[in-house]
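As the structure is a computational prediction, the values presented were derived from the model and not from experiment. Atoms within a ligand are numbered from 1 in the order they appear, just like the ligands themselves.
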Amino acid sequence: MNVLEFFRRRFAAAIADESQRAEFADAVRPATDPKFGDYQANGSMALAKAAKRNPREIAQQIASSVDLEPLAGPPELAGPGFLNVRVRQAAIESELQKLLSDARLGLEPPAEPRTVIVDYSSPNVAKPMHVGHIRSTIIGESLARTLTALGHKVIRDNHLGDWGAQFGMILWGYKNLLEKDAYDRDPVMELARLYKEAQSRIKPAEAHEERFDKALRLRKDGKNDEAAAVAAKIAGTDGPDWETVLKEYDAASAVREAARQETARLHGGDDENRRLWAEFMPHCLKMLEVIYDRLGVRFDVQLGESFYDPMLADVVTDLEAKGLATGSEGATVCFCEATKAPMIVRKRDGAYTYATTDLATIRYRVHRWNPQQILYVVDHRQGDHFQQLFEMSRRWGFDQVDFRHVAFGTILDNQGRPLKTREGDAVGLAGILDEAVAVARGVVDENSPHLPPEERAKVAEIVGIGAVKYADLSQNRASDYKFDLAKMMAMNGNTATYIQYAYARIRSILRKSEADEAGLRSSPPAIMLGTPEERALGMKLLRLPETLDQSTVEMKPNVIADYLFTLANDFSAFYAACPVMREENAEVKRSREALCLLTGQVLKFGLSLLGIEVAERM
Ligand code: ARG
């Protein structure tokens, strides 16, 4: 059962004015300090303000009328009008006993099940997937798992960037720089090389445009002498001379233009480019699959941008017909209230945009799945795009959908700069995972020398990948965070490693205690919470459903991570105070074994929602 929800409903029922019930229920929260009990209802102050009455009087009235049975007696009035609820020990004990035989650990089907589309990972294919995509992949996977566990219908959609300008670059590279043998041996590697090669040849065009912008514009107007003079001033004494700049610039611009034309030919339906695109795609997907397998990520659909291409013209026509898009300087744009800038849906050269594709995607998703909610797990820098997209989609008629941009911050290196490799590339994801597993191997070798080497290798994979995921998910997703492998795998602190060790320790306790696990489940014993540590642990175990609920209100996996960390702490405190295997009273021993069993189960389940595995021995 969801204990918090139970109290919210009961308090709401005790509020006479129906219009005030929701707000009062919302102000029922877990207590911030155990000395105030387990839950607090803090809504009396707001009620009093509205009615210009004394908050203590109102709280007193609610306290004497609210019915919290059988979980608690009347709440206690404190301070200016707080109502403190202490859950009855007998109630905790009987709920825990029920949990033992409940495979769902207290989760009930949702009152309003919804269909949720999670748009996540969504990398641009044919480029090495970089660390920026790791956050989307990890956070999106965790949200998908949590929503599924809560009983919602989830559609996991990898909205691949498979139609963008990177293909023009690869096509150009393929036609000009291909090493056939290398391509036959390892197409993925060769395509990645071609992409990088094209990129580095185009780079001087952008770099010079940025630095010598003014001079280049003069030259374009035919004022070459003036341009040279301006360039000399910009370059200073040790800068490149104008001739060199122009040579580099012209060469790079030519490649850029050629790549642009390859993209245009692909989009325009050119046979050869379409054929090559279709040839490249499976290789690109294979490169991604390796990463997804390793991360335990799977999608229901992978409908990339290319899938929507045939629908784009119609989207623009429809927007125009409904008066939502108009011509502006040769382009077609939507004027949005959310942001000052217009949203371009067709460029002057006739090309459609990222936004047009996203609009087509929404129309397709609504028609195919009729979702109540669509989550976009995408970098916070795309905030403006999503604001415009959501506004236009609502105005276009899809206002029944709850659109959410689940934005996240940047991963930083230990200097606080966006994480990059030495070459200046965004760090390859595969390399990061390998490094994490190598560091984990050191941790496991040191802490678990008793395990055979093959098992240590397996545990290291679980610990290394788990550490990377947990470091990400335990942060408030909106924040940036520093990527620090040593810290991520600390044995003490808010890390996956700490929780994984707590789990393995519990498994070891149950083995040594020779607990009859099947018996504990099939005929659950009476639970006895004789010490404060047992009570605290028991109460925490009952908070799983409310934790999952809360984490999906704001789409924040860190709520689950915090819960698991404090649960592992509560377990340590319990185990320090309460013997299990050496306990002489057989009933107490069984009750404590049951607490161990449940804690292990909740830790394992909770970590699985974060996409993190556990080992039975560490
Ligand atoms: N491919 C995009 C990128 O790598 C992310 C796509 C996110 N999803 C979407 N529906 N726009 O930046």
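- Heavy-atom contacts of Asn124 reach the following atoms of ligand 1: 1 (N), 2 (C), 3 (C), 4 (O) (cutoff under 4.0 Å).
- Among protein heavy atoms, atom 12 (O) of ligand 1 sits closest to Gln382 NE2, 3.0 Å.
- In this structure, CD on Gln199 lies 12.5 Å from CG on Leu194, to the nearest 0.5 angstrom.
- For ligand 1 and His159, the ligand atoms under 4.0 Å from any heavy atom of the residue are 8 (N), 9 (C), 10 (N).
- No hydrogens or angles considered: a donor-acceptor pair under 3.5 Å links the side chains of Tyr481 and Asp472.
- Close approach to Phe386 involves these atoms of ligand 1, each under 4.0 Å from a residue heavy atom: 11 (N).
- Interface atoms of ligand 1 facing Asp358, defined by a heavy-atom separation under 4.0 Å, are 9 (C), 10 (N), 11 (N).
- Residue-to-ligand polar distances place His133 within reach of ligand 1: an N/O pair is separated by less than 3.5 Å.
- The local environment of CD in Glu210 is sparse, with at most 12 non-hydrogen atoms from other residues, nucleotides or ligands closer than 6.0 Å.
- In this structure, the ring of Phe398 has its center no less than 6.0 angstrom from the ring center of Phe403.
- Annotation: the span from Tyr308 atom OH to Thr357 atom OG1 amounts to 10.0 Å, rounded to 0.5 Å.
- Taking CD1 of Ile155 as the reference point, atom CD1 of Ile117 lies at 5.0 Å (rounded to 0.5 Å).
- Taking a cut-off of under 4.0 Å to the non-hydrogen atoms of Tyr376, the atoms of ligand 1 that pass are 10 (N).
- Of all protein heavy atoms, the one closest to atom 6 (C) of ligand 1 is Tyr354 OH, 3.2 Å.
- Between the side chain of Asp480 and the backbone N or O of Ile411 there is no donor-acceptor pair closer than 3.5 Å.
- Heavy atoms of Tyr120 found under 4.0 angstrom from ligand 1: none, in either backbone or side chain.
- Evaluated for a ring-ring contact (aromatic ring centres under 6.0 Å, His included) with His405, the options Phe386, Tyr120, Phe390 yield exactly one hit, Phe386.
- Looking from atom 8 (N) of ligand 1 to the surrounding protein, the closest heavy atom is Asp119 OD1, 3.2 Å.
- For atom 2 (C) of ligand 1, the closest heavy atom belonging to the protein is Ser122 O, 3.5 Å.
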